[in-house]
Amino acid sequence: MSYQDHIGQTNKLIRSYNGTWDGIDAESVARMRLQNRFQTGLDIARYTAAIMRRDMAAYDADPANYTQSLGCWHGFIGQQKMISIKKHFGSTKRRYLYLSGWMVAALRSDFGPLPDQSMHEKTSVPALIEELYTFLRQADARELGMMFRELDKARESGNQVEEQRLTHAIDNYETHVVPIIADIDAGFGNAEATYLLAKKMIEAGACALQIENQVSDEKQCGHQDGKVTVPHEDFLAKVRACRYAFLELGVEDGIIVTRTDSLGAGLTKQIAFSKEPGDLGDQYNAFLDCDEVTDLNSINGDVIINRDGKLMKPKRLPSNLYQFREGTGADRCVLDCITSLQHGADLLWIETEKPHIEQIASMVDKIREVIPNAKLVYNNSPSFNWTLNFRQQVFDAWAEAGKDVSAYDRARLMSVDYDATDLAIEADEKIRTFQRDAAKRAGIFHHLITLPTYHTAALSTDNLAKEYFGDAGMLGYVLGVQRQEIRQGIACVKHQNMSGSDIGDDHKEYFAGEAALKAGGAHNTMNQFAA
């Protein structure tokens with residue numbers, strides 16, 4: 001509905017109350033409606049799910065249409081990210097938000113900082129989704145409010161061309177609300193617990209849930225040791241629980257991202273149930289590291305399985321966990337991915353130990369032999385030392401090609417001594433094009449960085465503290481922060497406006513007319529930033 005249609009419809013409604021609503025201004029109502037386009041989280045989930053589905057189809061047609069996101073641990077961080085994207089690129093197209101369970105654990109738990117082991121309150125995840133969308137919706141309200149003020153100025157000056165331009169811009173306004181891929185960890189319990197949490201996350205606005213195949217009570221960060229996976233049927237029950245939650249809430253095209261940690265997980269908590277040779281349970285158990293049993297009297301309280309007509313004892317650790325055969329991680333990843341896609345998943349996530357395109361592609365090629373349009377979400381993780389990894393990849397490629405690498409020490413390639421070398425320059429170029437190249441070669445539809453704003457908050461705070469508490473004093477803030485905000489056009493330099501002060505003034509005028517006591521008068525110090 002256009003801006004003028006909103007006004008006309010509201011005028012008709014006001015007149016129907018025979019003068020008792022004459023104190024209500026139809027245009028003000030229209031503005032408030034446009035500033036609050038999404039009334040519920042489910043409205044957001046349905047809207048953003050459709051965006052992701054269109055983006056997935058566009059990627060299938062051309063892998064240059066990959067998508068990106070950054071992990072955000074607070075609503076303000078997500079809001080400023082999307083404001084920045086709109087400012088620099090003119091559109092939020094193919095840019096999402098990522099909600100990291102790691103950052104929720106480290107930064108948003110009532111217990112204080114925690115490792116990424118599903119020990120934080122499960123309700124903190126949907127709470128952060130709701131917070132992120134509250135801030136994104138406020139960004140819409142703020143930007144539209146400024147457009148409405150400009151429209152009023154154009155009318156007052158009689159500038160009809162500007163009035164028409166602004167009306168057209170309002171009618172075609174692009175929201176800051178974008179898809180969130182939200183981390184539900186391993187489901188925080190059994191399938192019923194997963195379903196209940198999924199509902200809360202979807203009701204808060206999540207259109208995409210990322211769930212991993214680790215055990216809930218032993219869950220580890222994907223870049224730590226000690227990961228324990230579950231049999232496929234256990235995991236698929238949780239995938240179905242997520243789908244039921246989407247369907248119950250009317251988000252019929254909700255997205256499920258299934259993550260496998262099998263590449264780095266050498267343990268399982270249980271032996272899969274198998275009815276017949278070759279079924280899914282049998283395939284899972286085939287990877288178990290076993291010893292053949294020749295004397296049943298030597299077995300005390302152990303489990304025995306039949307493998308190819310032989311009695312085998314899976315190797316069990318003192319922790320009561322079973323171990324897989326070494327070197328089977330990639331094959332288990334491939335089976336995990338194929339099985340997930342065959343049972344309702346939409347996107348895959350393979351957690352790797354390094355950012356190596358050919359390693360990822362070697363698994364995706366096998367998956368695509370069975371499911372040609374298989375697509376990945378990939379963690380461009382800060383847990384990787386990107387500089388060292390890519391310098392070593394270039395070093396190895398040069399050595400394999402017979403190029404002289406005698407000037408380089410492979411073990412010391414992180415050293416600043418190499419920063420200006422040809423090898424470092426080539427490595428940086430490979431990092432720059434990594435997302436584009438991996439999208440084309442390795443089937444990566446969505447690239448994200450899980451923890452970037454955790455690191456940027458630490459870095460920027462360190463820089464400010466060093467200057468402000470040192471000899472620079474106040475100049476440390478002015479030179480390093482405020483002047484940069486002004487020069488770079490950072491919207492929150494006018495922090496009163498960013499926090500909603502002008503929106504509040506508009507509402508006061510709607511409600512009280514000339515009697516409104518507004519904050520944005522001549523003596524508001526934010527006027528110092530008008531230019």
Side-chain angles (χ1 to χ4, degrees), residues 52-53 56-57 59-60 63 66 181 184 186-187 191 194 208-215 222 227-243 246 253-268 270-288 307 324-353 356-379 438-446:
M52 279 195 71
R53 292 290 177 180
M56 289 160 67
Y59 174 82
D60 287 340
Y66 62 89
I181 298 176
I184 196 171
T194 302
L209 304 178
Q210 168 225 324
I211 187 166
E212 59 203 65
N213 69 337
Q214 292 191 47
V215 293
K227 294 182 290 296
V228 183
T229 64
V230 298
H232 294 95
E233 287 296 350
D234 293 45
F235 182 57
L236 294 177
K238 295 184 178 182
V239 173
R240 286 190 288 270
C242 292
R243 181 63 66 201
F246 273 124
D253 51 358
I255 288 92
I256 298 174
V257 183
T258 51
R259 170 177 142 181
T260 173
D261 281 288
S262 290
L263 197 62
L267 302 170
T268 183
Q270 62 200 88
I271 296 171
F273 175 72
S274 174
K275 290 183 178 179
E276 57 186 39
D279 66 12
L280 202 50
D282 191 46
Q283 291 179 67
Y284 186 80
N285 294 338
F287 293 112
L288 292 170
R307 180 183 289 173
F324 292 110
R325 299 194 315 275
E326 287 190 14
T328 62
D331 289 336
R332 285 184 281 122
C333 273
V334 170
L335 180 60
D336 294 344
C337 291
I338 292 172
T339 300
S340 293
L341 292 175
Q342 289 175 333
H343 292 82
D346 301 291
L347 294 168
L348 305 170
W349 175 315
I350 298 176
E351 196 73 11
T352 65
E353 81 287 357
H356 194 292
I357 291 176
E358 285 306 315
Q359 179 198 28
I360 303 163
S362 67
M363 292 181 280
V364 173
D365 287 346
K366 293 178 181 177
I367 297 165
R368 284 184 160 179
E369 289 176 4
V370 180
I371 302 174
N373 69 337
K375 293 179 284 296
L376 267 64
V377 172
Y378 186 71
N379 178 9
K440 183 177 181 180
R441 171 69 185 95
I444 298 176
F445 158 73
H446 185 78

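In this chain, residues are counted from 1 in sequence order.
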Quick one: does Arg53's side chain have a donor or acceptor within less than 3.5 Å of a partner on Asp253's backbone?
yes
Over all atoms of both residues, closest heavy-atom pair of Ala374 and Ile367
CB-CG2, 3.6 Å
With rounding to the nearest 0.5 angstrom, report the CG to NZ distance, Leu341 to Lys375.
8.5 Å
Which atom names give the shortest non-hydrogen contact between Asp261 and Gln214, and what distance separates them?
OD2-NE2, 3.1 Å
Before you tell me yes or no, could you show the steps for Ile256 and Gln210 under side-chain contact (heavy atoms from CB on, under 4.5 Å), namely the whole-Å CA-CA distance, both residues' side-chain angles and the distance that decides it to 0.1 Å?
CA-CA 6 Å; Ile256 298 174; Gln210 168 225 324; over 6 Å; no
Minimum heavy-atom distance between Ala208 and Phe246, given as atom pair plus value
N-CZ, 4.3 Å
Just how far is it from atom NE2 of His343 to atom CZ of Arg240, taken to the nearest 0.5 Å?
7.0 Å
Show the numbers, then the answer: is there a side-chain contact (heavy atoms from CB on, under 4.5 Å) between Thr339 and Phe235?
CA-CA 10 Å; Thr339 300; Phe235 182 57; over 6 Å; no
Which distance, rounded to the nearest 0.5 Å, do you find between the CZ of Arg259 and the SG of Cys333?
11.0 Å
Heavy-atom donor-acceptor pair, Arg325 side chain to Gly266 backbone, under 3.5 Å
no
Side-chain donor-acceptor contact under 3.5 Å, Thr268 with Tyr284:
yes
Reported CG-to-NE2 distance for the pair Asp336 and His232, which is rounded to 0.5 angstrom:
4.0 Å
Work out which heavy atom in Val370 is nearest to a heavy atom in Ile338; give both atom names and the distance.
CG2-CD1, 3.7 Å
Side-chain touch Leu348/Val257, heavy atoms, less than 4.5 angstrom:
no
Quick one: do the Asp279 and Ser274 side chains pair a donor with an acceptor below 3.5 Å?
yes
Please report the shortest heavy-atom distance between Asn213 and Ser262, naming the atom on each side.
ND2-OG, 3.6 Å
Take Val239 and Thr258, measure what side-chain contact (heavy atoms from CB on, under 4.5 Å) needs, and give me the verdict at the end.
CA-CA 8 Å; Val239 173; Thr258 51; 3.7 Å; yes
I'd like to check Leu347 versus Phe445 (side-chain heavy atoms, cut-off strictly below 4.5 Å). Are they in contact?
yes
Arg441 side chain near Ile360 side chain, heavy-atom distance below 4.5 Å
no
Can any side-chain N or O of Tyr59 pair as donor or acceptor with the backbone N or O of Ala439 at less than 3.5 Å?
yes
Validate the cation-pi geometry between Arg332 and Phe324: distance from NZ or CZ to the six-membered ring centre under 6.0 Å, angle to the ring axis within 45°.
yes
Does a salt bridge link Arg243 with Asp346, judged by any charged N lying under 4.0 Å from a carboxylate O?
yes
How about Gln270 and Val215: do any of their side-chain heavy atoms sit closer than 4.5 Å?
no
Verdict with supporting geometry, Leu335 and Phe287, side-chain contact (heavy atoms from CB on, under 4.5 Å):
CA-CA 11 Å; Leu335 180 60; Phe287 293 112; 3.9 Å; yes
Show the nearest heavy-atom pair for residues Ala442 and Leu376, with the distance to one decimal.
O-CD2, 4.4 Å
For the atom pair CG (Leu288) and CZ (Arg307), what is the distance rounded to the nearest 0.5 Å?
6.5 Å
Once rounded to the nearest 0.5 Å, what's the spacing between atom SG of Cys337 and atom CD1 of Ile371?
9.0 Å
